[in-house]
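Each remark here refers to the structure printed beneath this line.
Predicted, not measured: the structure shown is a model, and the values here were computed from it. Per chain, numbering begins at 1; letters A, B, ... match sequence-line order.
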Amino acid sequence: MFSDLELDLFLKALYETVYMSFIATIFVCFFGLLLGIFLYLTSENGMLKNKYAYLSLSFFTSLGRSIPFLILIVLLIPFTRLILGTILGPSAALPALIIGATPFYGRIVELSLHEKGKELVETGLSFGANTFNIVLKILIPESLPSLIRGLTVTTITIISYTSIAGAIGAGGLGNLAYLYGYARNKIEITIIATFLIVILIIFVQLIGDITSKKLSKK
Amino acid sequence: MISINNVSKIYKTNNKEFKALQEVSLNIKKNTIHGIIGESGAGKSTLIRLINGLEDYQDGTVDVFEYKNIIKLNMESSRMLKKRIGMIYQSFNLLERKTVLENVLMPISINGKVKPKDLQKAKNLINLVGLSEYINKYPNYLSGGQKQRVGIARSLINDPEILLCDEPTSALDPTTIKSVLDLLKDIKSKFNITVVIVTHDMYVIKEICDYVTVMENGKIIENGYVEDVFYHPVKTTTKSLLSSIGLNYELIVNNNKHIKNKYILFFDKSILNSSIITEVSMKFKTSINILYASITPNEKGVMVVQIPKNIEDIRHSLMKSGVVVENV
Amino acid sequence: MKKIVNILILVIVSLTLTGCKESNGYKVGASPIPHKEILEHVQPILKEQGFEFDIIEFTDYVLPNASLDSEDIIANFFQHTPYLNNQIDEYGYDLINAGGVHVEPIGLYSKDYSSIDSLPNDLEIIISNSPTDRPRLLKLLDDAGILEIKETTTNEDIIKSSLGSISELFNSNKTVTFIEVDTPMLYTNYVNKSGDAVLINGNYALDNGLNPLEDALVIEGSASEYVNIIVCRKADENNEFVKALVSVLQSVEVQQWIADNYGGAVVPAA
């Protein structure tokens with residue numbers, strides 16, 4: 001159906017999307033977890049309740065979530081250039097992907113921790129445990145299934161962000177579907193690229209569901 | 001052992017003040033089972049959390065063991081104090097992603113390394129609560145009663161001197177309640193633990209408590225031996241709580257106003273096996289009509305009776321056998 | 001689907017237009033720089049001839065033709081012929097080219113290299129990701145001697161090719177690699193020294209204060225087919241205002257003014 005060249009086109013775009021999503025997800029998982037934990041701890045019901053810390057964290061989280069992704073890419077250009085030495089290609093999209101998705105995951109983490117937080121924290125406190133151990137040994141392990149579900153949603157969001165990263169030459173399936181499919185009136189490229197995105201998302205969702213189910217011990 | 005002195009706690013939310021505790025004072029004796037009862041919002045959960053420092057307060061002091069005013073303790077002392085107090089909860093608060101064994105070991109593993117002797121102790125405790133075959137199962141596999149048993153085993157891992165129970169039976173079905181209460185009673189005598197139970201269910205108090213404290217609107221309204229409170233309730237709230245388990249002889253008295261010559265008899269176990277009522281009845285040729293009778297877990301009894309004639313002779317005779325007779 | 005898009009566009013246009021100052025004169029749509037400036041320059045001249053008109057500013061490239069088609073404006077001035085043809089194909093508009101005015105030359109810019117000759121053999125060029133710009137970009141590189149488009153290569157081939165396969169369409173003694181970015185990102189890449197050279201569209205160069213004549217290594221000549229044209233509906237082909245507008249814009253005086261005013265960055269084309 002396709003020439004080798006077109007196959008290369010899809011493989012390259014698939015690689016770019018997977019590369020961007022995978023690396024970004026790893027960083028977002030780490031930073032989002034940290035952000036979410038601090039949001040949780042400083043919140044009204046948190047162990048380190050601090051109105052001003054919470055409000056300022058919350059403000060930057062909302063800010064990060066509300067900046068349109070393309071604008072975020074542009075705003076981050078000096079930063080991206082500083083740490084990566086380039087503002088082009090899949091790697092250059094990573095800072096924007098990470099900074100764009102971290103607040104998203106941070107909020108999910110905050111919510112997950114709040115779910116069973118009150119009882120678990122009290123139990124931990126009654127053992128005489130400190131905040132660090134309560135978070136590390138009770139809250140996070142107990143919330144793991146819901147943290148994984150949140151990470152699945154976040155990864156899918158990151159995948160959809162990557163198509164916008166085409167603006168800085170990051171390539172990817174979304175970019176392929178639009179520029180080489182739609183804009184050049186090659187409908188079959190649009191369909192196959194979109195299909196690959198769908199497969200990728202179903203795959204991520206499946207892995208997330210299986211992992212979270214396996215972890216939930218029901 | 002536990003001494004709460006004039007403690008007040010006020011929650012402030014949106015300029016509104018809610019008085020959770022108002023000048024509450026309470027002493028809890030070593031080696032007793034002390035019940036705290038009240039409607040929801042009475043402040044009983046707040047009160048029990050004062051004892052292991054989970055709640056802070058504005059006024060007053062809380063002294064536990066040798067520690068004075070425990071809210072002011074440094075981190076290390078506070079940890080030592082908490083190690084000596086176990087706690088179980090209405091919703092069990094087990095870790096769903098840990099096995100029964102891991103849950104029981106949690107109070108140790110969260111603060112450091114689990115030693116072989118801890119492991120052995122955990123196994124013994126799981127055995128004690130009758131869950132040895134579930135040792136590697138996860139909580140979701142267990143019934144409510146079994147979960148609470150895990151909670152009890154967990155609360156005992158640090159050899160506590162006090163066991164705090166926050167509504168331990170409220171999430172359980174009636175058949176399970178009895179077995180959990182029996183377990184608590186066993187544990188109390190086996191380990192010489194002081195047990196403090198918060199509940200809204202008078203049945204729990206009746207079954208296992210030595211002392212009861214009745215709370216309403218953040219205040220203690222009645223406090224004393226279970227039978228004293230049961231047989232001489234003063235406050236309406238106490239009476240209505242008692243009537244929920246049919247343990248309200250005043251209700252019987254009041255509901256039978258048309259019956260004349262009613263008397264209340266209080267007695268203890270020394271006369272339980274004798275036929276004293278029959279004896280006086282025959283001796284004075286008077287038919288004694290029993291309107292109400294009840295026996296507490298401590299084997300003290302109360303009876304409401306109708307004595308139509310010869311009351312002075314009968315009273316005298318009963319008093320000699322150790323029965324207290326009161327006029328209605 | 002297209003119908004719905006068109007209806008949506010119409011709604012947006014009418015909302016935009018009702019916001020504008022009402023005048024009994026004609027309305028002409030234009031991009032801000034340099035089209036609107038050029039129209040502002042000819043407003044008094046046309047007034048002397050008895051024609052008054054308002055300028056409606058558009059910052060996107062779809063609405064001006066949609067507004068023209070819906071008769072909200074009488075003419076527009078922002079596009080070149082290949083774009084117009086593409087739009088006619090896409091939307092079935094009955095629009096025609098009423099006359100060319102100027103070219104905004106695309107230029108090849110580089111912070112690292114000061115001349116075409118000094119460009120490296122392993123050459124990375126950043127280009128716009130707009131498909132319709134592609135043939136124009138390659139043509140410029142061909143003119144500059146960086147590469148030579150094969151005789152068998154058609155514009156269609158260039159548009160449809162991927163970045164991996166495009167090198168098969170030309171010969172070059174350099175290894176030329178292209179990287180595509182959004183058109184507004186071209187200038188950003190230039191100032192951040194991305195790649196070896198950047199092809200920047202004329203209006204973006206102007207908007208960002210570049211002078212194509214001085215700053216570019218090479219720019220398009222005026223013979224380009226990408227002359228910016230006045231476009232009107234076929235029905236208004238002989239409209240007196242449109243005829244007068246085109247003839248004033250193409251007059252020697254106005255063409256000279258364009259050359260002087262933009263210092264060659266906007267090249268008169270009539």
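- Heavy atoms of B/Ser109 lying under 4.5 Å from chain A belong exclusively to its backbone.
- Neither the backbone nor the side chain of B/Ser78 has a heavy atom closer than 4.5 Å to any heavy atom of chain A.
- Using modelled atom types and a 3.5 Å distance limit, the side chains of A/Ser163 and A/Asn175 yield no donor-acceptor pair.
- Proximity to chain A is limited to the side chain of B/Tyr138, based on heavy atoms less than 4.5 angstrom apart.
- Exactly one residue among B/Ile33, B/Ile152, B/Ile88, B/Ile36 makes a side chain to side chain contact (heavy atoms under 4.5 Å, CB included) with B/Cys165. That residue is B/Ile88.
- Looking at B/Met80, neither its backbone nor its side chain comes within 4.5 Å of chain A, counting heavy atoms on both sides.
- In this structure, A/Phe69 and A/Tyr161 have parallel ring planes: the angle between them is below the 30° cut-off, well short of the 60° mark.
- Remark: the B/Thr194 side chain and the B/Asn31 side chain contain no N/O donor-acceptor pair separated by less than 3.5 Å.
- If you tally non-hydrogen atom pairs under 4.5 Å between each of B/Arg154, B/Lys83, B/Met87, B/Met75 and chain A, the highest count goes to B/Arg154.
- Side chain to side chain, A/Arg107 and A/Thr102 fail the donor-acceptor criterion of an N or O pair below 3.5 Å.
- Between B/Arg49 and A/Glu122 there is a salt bridge, since at least one side-chain N of the basic residue sits less than 4.0 Å from a carboxylate O of the acidic one.
- Contact annotation for B/Leu164: neither backbone nor side-chain heavy atoms come within less than 4.5 Å of a heavy atom of chain A.
- Only the side chain of B/Leu54 has a heavy atom closer than 4.5 Å to any heavy atom of chain A.
- Ring planes of B/Tyr67 and B/Phe65: perpendicular class, angle over 60° (limits at 30 and 60°).
- Here B/Arg97 is the residue among B/Lys82, B/Met106, B/Lys98, B/Arg97 with the most heavy-atom pairs under 4.5 Å with chain A.
- Residue B/Asn93 touches chain A through both its backbone and its side chain, counting heavy-atom pairs closer than 4.5 Å.
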